[in-house]
Structure formats: structure tokens, C-alpha cells
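Keep in mind that what you see is a predicted model, and the values were worked out from it rather than measured. Values below: every heavy atom of this structure, side chains too, minus hydrogens, waters and symmetry copies.
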Amino acid sequence: MTHDNAETDPTEWDPDLDAVAAAPDHHKVIFENDKLRVLEVTLPPGDEEPLHHHRWPSVFVLDELHDKVRDISPDGVELPPSRDVIQAIEAWDGQSSLVVNMAPQPLGRVLNKGDTSIHGIRVEIKG
């Protein structure tokens, strides 16, 4: 398998680093078929997900959220807010839920620096 990064084909990413396999405490499969995988995603306050990727594009509906979410690189460095979900959170008015269309995500981690949980449903679109 190739090492995951933004320049490689997501179909070649290591299946052992898929979000469900690598971060099972944070990603629960609630439905899956050959076209979709639906995940419940939870990140408690102060928690950081293990290193993982999301190989498929998705729609992420976040119903518990705040602006203290940070992306962490594979080597542990806090990244600038360049990823689609982080930019959407920064533009979010704090009202209701947040819906984000997301591209496949290469290896990384998410850190919850807030005092409340992050929770959402992520619908991944396979191939």
C-alpha cells in the first residue's frame, strides 16, 4: 500500500488507516451498502482522534459543534484552517446544524480543544 497523502489516489490508501478501523471510538458505522457508508462521529472535549483517513467524498451534518476544532498533521503539528470542514466551521453562524460537503481526507487527526463534544453524521459516497 502507498503512504496516504493528498497527491495519491484515495483507492490506494491503506485500509487499516480508514476512520472506522483506525479510530473506532470516534467513528461508528450505522449503515453501509455498496453505495454509501453512514458514520456517527463523536469527539469528546479535549480528545484527539487517532491518525486516520476518509477515502470517499462525503456530506457531514454536525449537530453538536463549536469553533475550537483543530486539524493535526500526521506528525502532530496543528495545521492552518485550510480543510473544507474547518473553513465551514469558521464561516458558520453558530445557529442550527452545519452541513459540509467534503472531499476525501488524507491522513490526519482532529483535536477537540473545546469544553463540549463534537457530534455529527457523515454520509460517505463510495465510488
Would you please test Glu48 and Arg109 for salt bridge (Lys or Arg N to Asp or Glu O under 4.0 Å) and show each step?
CA-CA 7 Å; Glu48 182 177 319; Arg109 301 187 291 250; 2.7 Å; yes
Does some side-chain heavy atom of His53 sit less than 4.5 Å from a side-chain heavy atom of Pro104?
no
Does the pair Glu78/Arg70 count as a salt bridge with the N-to-O cut at 4.0 Å?
yes
Thr42 and His26, any side-chain heavy atoms less than 4.5 Å apart
no
Ion pair check, Lys113 and Asp47, cut-off under 4.0 Å
no
Residues Arg37, Asp18; criterion salt bridge (Lys or Arg N to Asp or Glu O under 4.0 Å); working and verdict
CA-CA 12 Å; Arg37 181 170 73 172; Asp18 176 80; 3.0 Å; yes
Does Val41 share a hydrophobic cluster with Trp92, counting links as ILVMFWY side-chain heavy atoms below 4.5 Å and allowing steps through other members?
yes
Please identify which of these residues, Glu124, Glu32, Lys28, meets the side-chain contact (heavy atoms from CB on, under 4.5 Å) condition with Leu39.
Glu124
From CG (Asp63) to CD1 (Ile118), nearest 0.5 Å:
11.5 Å
For Asp115, does the CG atom sit with more than 12 other heavy atoms under 6.0 Å from it, leaving out its own atoms?
no
Distance-minimising heavy-atom pair for Leu51 and Leu17
O-CD2, 4.1 Å
With sequence neighbours left out, write down each residue that passes ring pair (Phe, Tyr, Trp, His ring centres under 6.0 Å) with His66, or none if nothing qualifies.
none
Could you report the tightest heavy-atom contact between Asn112 and Pro44, atom names first, then the distance?
ND2-O, 3.2 Å
State, yes or no, whether a side-chain contact exists between Ile72 and Val77 at a heavy-atom distance under 4.5 Å.
no
Any residue meeting ring pair (Phe, Tyr, Trp, His ring centres under 6.0 Å) with His54, in chain and number order, not counting sequence neighbours
His27, His52
